[in-house]
Amino acid sequence: MRAPAETLRLMTEHLGELGVPAPLSGGESPFDVLVGTVVSLRTRDTVTQKVTKRLLQRAPTPRELAGVPIGELEKLLRPAGFYRVKARQLSETARILCERHSGIVPGSRAELTALPGVGGKTAAFVLGMAYGIPAVCVDVHVHRVSNRIGLLATRTPEQTETELMRLFPREDWTGLNHVFVRFGQRVCLPARPRCTVCPLKGECEWNR
Ligand code: SF4
């Protein structure tokens, strides 16, 4: 098995060769990141990007979002999965941000996870991307891919988070999510992984 850093490098290079874009273009505010992350749950990347852009054009701040009627929010969110639930969560989140946080997205895990629909995974992503606080955000792709390739042998996402934090230096933590998620969506797919083109096929436990 290669060193974890080398595995990460190969995955990153392969994504570059495939032309897979980064999920964020840079320059997003903490509010932009939070909204985009909530929209992205159970939603394809292309839909997430389209819906988030449209939503933020209509309501670029928590105060403006809090003023959007639920029916209109549902329409704006509609192509995304669970759009009705997300509309209520985002509306309530906007209200809480205005009332308790002066319209600013908080920068602590405890305050973020107190917002509707924000779990540990979303909080970790917002902390890492919006505030530069190193955090490993583990979703189904990160958990599946890291175990398939034999980097880890964990049963739960929580164990995966702990192990990835042990294997990689802090400066890699936030970026791990991007690489593993995109690799899990484009190469190491849940049902039919593209092992023949995978740069890790020679050493991957699952492929063997
Ligand atoms: S060889 Fe197949 S199972 Fe292993 S990481 Fe690559 S795509 Fe996934």
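We're numbering straight along the sequence, starting at 1. All ligand and atom numbering here is 1-based and tracks the order in the structure.
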N-O pairing of Glu99 and Arg95 below 4.0 Å: yes
Short side-chain donor-acceptor distance under 3.5 Å, Gln159 and Thr162: no
- prompt: Would you call Arg88 and Glu92 a salt bridge, using N to O less than 4.0 angstrom?
  reply: no
field: Atoms in ligand 1 flagged as close to Asn207, the criterion being non-hydrogen separation under 4.0 Å
entry: 1 (S)
task: Give the residue, atom name and distance (to 0.1 Å) of the protein heavy atom nearest atom 3 (S) of ligand 1.
output: Trp206 CE3, 3.4 Å
- prompt: Taking both backbone and side chain into account, is any N, O or S atom of Cys204 nearer than 2.8 Å to atom 4 (Fe) of ligand 1?
  reply: yes
- prompt: Just checking, is any N or O donor in the side chain of Thr37 or Thr122 under 3.5 Å from an acceptor N or O on the other one?
  reply: no
query: Side chains of Thr160 and Glu163: do they bring a donor and an acceptor to under 3.5 Å?
result: no
- prompt: Hey, are Thr48 and Asp45 close enough side-chain-wise for a donor-acceptor pair under 3.5 Å?
  reply: no
query: Closest non-hydrogen protein atom to atom 6 (Fe) of ligand 1, residue and atom name please, with distance?
result: Cys198 SG, 2.3 Å
field: atom 5 (S) of ligand 1 - nearest protein heavy atom and its distance
entry: Ile149 CG2, 3.1 Å
- prompt: In the protein, which heavy atom is nearest to atom 2 (Fe) of ligand 1, and how far is it?
  reply: Cys195 SG, 2.4 Å
message: Tell me whether atom 8 (Fe) of ligand 1 has Cys188 as a neighbour, meaning an N, O or S atom of it below 2.8 Å.
response: yes
